Each structure stands twice: as structure tokens, then as C-alpha cells.
Amino acid sequence: MMSKELLGSSSNLNLSSLIADVERADAADISLDRTGKVRILRNFTIDLIEPFLKYGMYQAGISPQVSFGGYDTIYQDLLNLSPDQGRDPNTPDITVLSIMLDRLDPTCYAPGWTSVNVSEKVRELFDLAVERTNSLIAVNTFIPPFYREQGIALLHDVTDREYEICKLNEYVRKFVTERSSRIFLVDWERLVRILGEERSIDYRYWYTSQAPFKLEFLNLYATEISRLIRVSKGDVKKCLILDCDNTLWGGVVGEDGIEGIQLDPNEWPGTAFYRFQISILHLIERGVLIALCSKNNVQDVWSVLNSHPNCLLKREHIAAWKINWDNKASNISALAEELNLGLDSLVFIDDDPAQCELIKQSLPEVQVIQVPERLYNYPDLLHKAGLFDTLTVSKEDRNRTKLYLQEEERNLAQKSFSNIDEYLDSLEMCASIHRAHNHELARIAQLTQKTNQFNLTTRRYSTPEIAALQDDPSTAIFSLNVSDKFGDLGLTGVLIARRFGQSAEIDTFLLSCRILGRELEYLFVDYCLTALERTWNVNEWKALFIPTRKNQQTSTFWDDLDFQLLSESIDCKHYIASSETRRHFNKTFIEIQETG
Amino acid sequence: METQVKQIMSNTFSINIEKISDDSSPDSIANWDSLKHMQLILSLEEEFGIEFSDNEVVELVSFQKIIDALKRIA
């Protein structure tokens with residue numbers, strides 16, 4: 001990535017070279033694929049975070065724009081936001097509220113202090129932020145005291161500051177999970193736990209300049225904010241591809257046998273592999289797909305997964321596999337194709353440096369991780385890196401492996417039919433098409449972020465942007481939910497249309513790759529357009545095809561629907577159609593449920 | 001030590017290292033404001049593994065004064 005080269009190679013934290021690197025990258029003014037706008041509203045001096053934040057964003061391939069609110073003017077800054085900022089191009093992607101407790105409530109050190117009043121203030125501020133911005137919002141917890149005013153005595157009749165702050169933090173966490181899907185937590189309490197007092201707090205600048213944080217803390221804080229931005233921009237890893245020997249377990253199963261491999265939770269180095277497998281189970285819970293790519297006998301691998309008493313990863317967790325002696329680069333490409341995923345959404349782990357190097361060289365988009373030589377760093381590796389971060393985990397995410405395995409059953413079933421219609425008929429498909437429900441908006445935003453192949457315009461929307469469109473009477477969002485006899489495929493199609501008087505434009509049309517090849521795309525479009533022709537009373541449709549590296553398969557989609565090509569350039573094809581001239585579809589093998 | 005300090009000042013204020021002289025100060029370096037001063041102090045502390053006191057922090061407002069202080073402490 002270009003930005004990474006610009007940043008130089010200062011791997012260890014060093015403020016002055018970091019500033020120079022960021023200056024250089026800013027001055028070069030290269031256009032990266034993504035821009036990230038951060039607005040920090042604060043009640044203390046947090047300005048020193050800027051170079052760290054910009055550095056983190058450049059590293060993630062995002063052009064940073066960082067701005068600060070006035071010193072201790074969070075209320076005023078929020079109140080001054082224009083109400084229609086949803087349409088303002090300067091609206092930040094994320095509004096960070098940075099709040100120090102002692103600025104919010106100067107009495108917080110006094111004997112007898114309780115958090116009751118301050119939690120009310122916190123709620124007001126957070127509520128105001130949710131009302132006044134359409135962006136994502138990051139808030140923080142507060143730092144519990146390092147020392148107790150009561151000394152070593154544990155007194156029951158005196159209010160305890162530590163207890164009060166922990167209560168306040170619980171309140172913040174609860175607020176974040178319950179209030180809005182746009183609000184996120186950067187847990188200062190946890191960051192301080194990682195670094196400790198010595199490396200987090202600069203008492204000198206705290207008391208003289210209201211700048212309480214040391215550089216290491218600022219760096220960690222900035223990293224967390226960058227992670228939120230990176231993920232909100234759709235940079236999400238979807239699949240973990242694993243080698244087997246010395247990656248999933250210690251030893252070589254082909255030589256050591258199933259009894260000889262190291263996977264004992266109580267005996268080193270089995271401990272490390274066992275704990276690593278636990279961290280994989282957590283990823284599966286969050287919807288990450290697991291694939292295997294190893295040089296083994298297939299039967300050896302399955303017998304470990306099926307019958308080793310300490311092997312937590314089971315065959316049903318594996319969405320796809322290439323277990324053979326072929327080149328791993330071609331195996332990984334084949335896995336990507338099989339799972340319908342872009343190479344940039346894959347992470348590959350192997351213990352063999354030569355294999356890691358091979359993949360880095362031949363498939364640079366794939367993120368490659370080598371099993372650390374210091375094996376005790378292995379179990380927490382994936383959680384620390386935050387590679388598989390997502391903003392939300394939807395129902396579809398949790399079922400993803402199951403969905404892919406159902407897909408395999410479908411593929412097997414397909415082979416027994418002589419023609420496609422017969423097969424589609426046998427699937428007993430049921431499509432539910434309706435105007436988007438509010439609880440679907442996060443999933444719809446997620447699909448606009450993640451769908452690359454069947455996506456006519458590839459317009460990326462955040463959840464707040466989708467929510468704003470949902471509220472806009474001249475815009476309609478449709479969702480498609482599909483199920484068949486093998487199972488529920490979930491919300492897998494989105495169409496967004498905008499009305500301009502007597503005509504309307506199709507802003508977004510996308511389908512998840514898991515429902516392609518069923519002719520649902522035609523049916524879905526036809527249904528939505530027909531419905532809008534009725535409710536909006538429009539008769540002219542405009543449609544676009546915006547080519548990307550990945551959506552070639554949809555380049556003639558509008559032609560197939562008898563839309564008329566108006567103009568064509570390198571970056572866009574414009575089409576037009578009327579309700580009479582466009583093709584209509586009526587597939588008998590799909591039952592449509594009309595809801596909402 | 002002089003070169004290290006000059007390099008840090010050059011990075012912090014984004015000016016050419018050649019332009020830094022003994023009497024470089026907020027008067028001669030335009031963007032040497034309070035925030036940049038904080039960055040400068042933190043970078044020097046990081047580089048030399050020291051911590052300036054609150055009194056030293058406000059006094060270190062020229063290249064020469066920084067060098068004098070470092071010689072005294074380090």
C-alpha cells in the first residue's frame with residue numbers, strides 16, 4: 001500500500017519521527033481509496049493525539065482528516081452542529097467524545113463524592129451527541145483511581161471513589177450497548193489496565209496544561225479509534241485460512257500420529273495450540289469463516305478434527321478446505337473462489353516461513369501471519385491484532401459457516417438435475433421482499449460495505465447514512481430475504497431508489513454472492529420497480545453501472561433487463577427505461593411473500 | 001547530542017535541519033507554539049530517557065537552553 005511506504009519504517013514509537021512521517025504523507029497528498037474524517041470533542045488537551053491518529057489511519061490505507069472542538073466546549077460544539085449535517089460533505093465519519101471526569105465534575109475528588117450527578121451529565125452529553133450527529137460516536141470510560149483515599153483500611157461506611165467510578169463505567173457500557181447502534185466504546189479503563197499508571201499518566205502536564213496522557217496511552221487510544229474507522233470503511237477480514245501441522249496443533253500428524261500431536265491443555269506446548277483453538281472458536285461465533293490449507297493426508301486431518309479429544313475445532317466448523325500437496329498460493333486462490341470472497345478479506349496462518357513468504361509474494365492482498373516462534377504469544381495473537389473486528393455481529397454473521405455448508409449441499413443437489421429450471425424448482429425457494437424494516441438497517445449498511453461482486457454502483461453506506469435514507473421520503477430501501485428447503489439464507493439483497501419528480505433512479509442494487517445463480521436478481525428488481533411505479537407514480541427509470549475491479553459480472557445487467565444505454569464512459573454507464581419498455585419477470589419457482 | 005536535538009526540532013517544527021542555530025527560539029521559528037513545545041519536550045524525553053521538571057519545561061525555549069539542560073541532566 002502506497003501510504004505505508006510513505007510512512008517509512010519507524011516500527012517503534014518515536015514521536016518526532018512519527019510527526020515527520022505524517023507531515024510527509026500529508027504533504028504528498030496522495031489520494032487513497034478511502035478518506036476518514038474524525039472530529040474530536042473534548043474537555044481537556046488531547047491535541048497531542050493527532051499524529052498518532054493520522055499515522056494509524058495512513059497505515060490502514062485511509063487519508064486522515066482530524067479536527068478538534070474547542071477546549072471544554074463539548075455541549076456548545078454539539079449544539080452548534082447544523083441539523084441537516086447528514087447532507088454536509090464535511091460531516092465526520094466519527095465523532096469522538098473525549099471526556100475527563102475531573103473536568104466534568106470538579107468535585108469528584110472530594111470526600112463523600114458519588115457518581116449519581118455525573119452519570120446524569122454523561123447521559124445528557126451522550127444523548128445530545130446521538131441527536132445532533134449522524135456519524136458514528138465513540139465515547140470513553142473513566143479511569144479508576146490508582147490509590148485509595150482510605151489507605152489500606154476497607155471501610156464500609158465511607159463512599160469509595162474506586163467503587164463509584166466502576167459503577168459509572170458500568171453505566172457508560174450499558175448506555176453504549178443499549179442506546180444506539182452508532183455509539184461505540186473506547187474503554188480507557190482497559191487501556192490503562194494494559195499500560196499501567198506509569199506509562200499512561202503524565203501528572204506534570206495534567207496539572208500544568210490539562211494534558212493528562214503519556215505518549216503510549218495516546219498511541220493506544222489512537223489505535224482503537226483508527227480500528228473503528230477502518231472497520232466502518234468496510235475493511236473487514238472474513239475468512240481465516242489455517243495450515244494444520246504446527247499451526248492447529250504441535251507436531252506433524254502424518255509422522256507423530258493422532259496420539260503423538262501436541263494439543264494437551266495442561267502440557268506445554270499443547271497449551272498454546274489448545275488456547276489458540278479457543279480463540280478460533282470465538283472468531284467462529286462472530287461469523288468468521290474458517291478454511292484449511294495444508295499439506296497433509298485428508299484422512300489424517302479429519303481424524304484429528306473428528307476424534308482427537310482435545311481438538312476443539314470440528315469438521316463442521318470448516319467452511320472449505322484444500323488439503324493436498326499442491327502449491328498453497330493456487331490453493332488459496334481456489335478457496336477464495338469457492339467461498340466467493342476477495343483475496344483482501346483473507347487471513348492466512350502458517351508456521352513455515354517459506355510458505356508465508358510464498359503467499360506474501362504471490363498473493364499480496366492476503367494478510368499473512370506466521371505462527372510466532374515464541375509460542376506463548378500465539379493464543380492472544382488474533383485478538384490483539386484486531387484483524388477480524390466488525391462494528392456489529394448480525395444474525396447472518398453468526399450462521400455463516402452453516403450457510404456455506406448448506407451451499408455445499410445445494411451444489412451436490414444441483415448435480416443431480418439435468419437443467420437449471422428443474423434444479424431451481426426443486427429448491428422450494430421463498431423470497432420475502434419488503435421496504436426495509438428499521439431493525440434491518442445495520443445489516444443493509446453492512447451489505448453495502450461488503451458486497452463487491454454483484455453490486456451495480458458499489459456505493460458504501462454507514463448505518464447512520466442508511467438510517468438517514470430510510471427517513472427520507474424521496475428514497476426507498478427494499479430488502480430481500482431468501483430461504484429454501486436447505487435453510488434460511490437471511491437478508492441477502494438490497495435495492496435503494498431515489499425519486500426525482502416523475503422519474504426515479506436506482507441508487508444501489510446488490511445481492512450477496514450466496515444467492516447468485518438463481519435468477520432472483522431479475523425478480524427482485526422487477527418487484528421493487530413495479531411497487532414504486534405504483535406508490536410513487538413514476539414511469540421513468542434511470543440506472544447506473546459503475547465498474548470496479550470486482551463487479552464485471554454485472555456489466556450487462558441493465559441491458560438484460562432491456563434498459564436503454566444512454567451514455568458510456570470509463571467510470572460509468574447510464575441507462576434509462578420506462579415502465580412499459582423494461583422487461584418483466586414472473587418466476588413460478590419462487591414464492592414471494594409480501595410483508596410490510 | 002546536538003545533532004539529535006536538531007533532528008528532533010527539525011521533525012517537530014517541520015523545518016530544514018540547516019536552519020536550526022544556537023539561538024533558534026519561538027521568536028525565530030514561526031510554529032513553535034505551546035502544543036509544539038509540548039511535542040518537543042516529550043520527544044526529547046523519549047530520545048534521552050529523561051523527565052524534565054515543570055520549571056525546566058517552561059525554560060527550554062531555545063536550542064542552546066535545551067543543550068545546556070541536557071548536559072546538566074544526562
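What you see is a predicted model, and the numbers here were worked out from it, not measured in a lab. Chain letters run A, B, ... following the sequence lines, proteins first and then strands; every chain starts at 1.
Scanning residues 191-205 of chain A against chain B with a 4.5 Å non-hydrogen threshold yields A:D202, A:R204, A:Y205, sorted by number.
Contact count versus chain A (heavy atoms, under 4.5 Å) is highest, among B:I8, B:T12, B:L44, B:L40, for B:I8.
Neither the backbone nor the side chain of A:A27 comes within contact range of chain B; no heavy atom of the residue lies under 4.5 Å from a heavy atom of that chain. Of the atoms belonging to B:V58, not a single heavy atom falls under 4.5 Å from chain A.
In this structure, A:Y221 and A:S98 have side chains that are in contact, with non-hydrogen atoms separated by less than 4.5 Å. Put simply, the side chain of A:V172 does not reach to within 4.5 Å of the side chain of A:W188, judged on heavy atoms.
Side-chain N or O atoms of A:R42 include one that pairs as donor or acceptor with a backbone N or O of A:G70 at under 3.5 Å.
Under the rule for a salt bridge (Lys or Arg N to Asp or Glu O under 4.0 Å), B:E47 has no partner lying at least two apart in sequence or in another chain. By the salt bridge (Lys or Arg N to Asp or Glu O under 4.0 Å) test, A:K233 pairs with A:D93, sequence neighbours left out.
Checked for salt-bridge contact, A:D105 and A:K121 miss the test: no charged N lies under 4.0 Å from a carboxylate O.
Within the structure, every pair that satisfies the salt bridge (charged side-chain N to carboxylate O under 4.0 Å, His left out) test and touches residues 1-25 of chain B, not counting sequence neighbours, is listed here: B:E2-B:K71.
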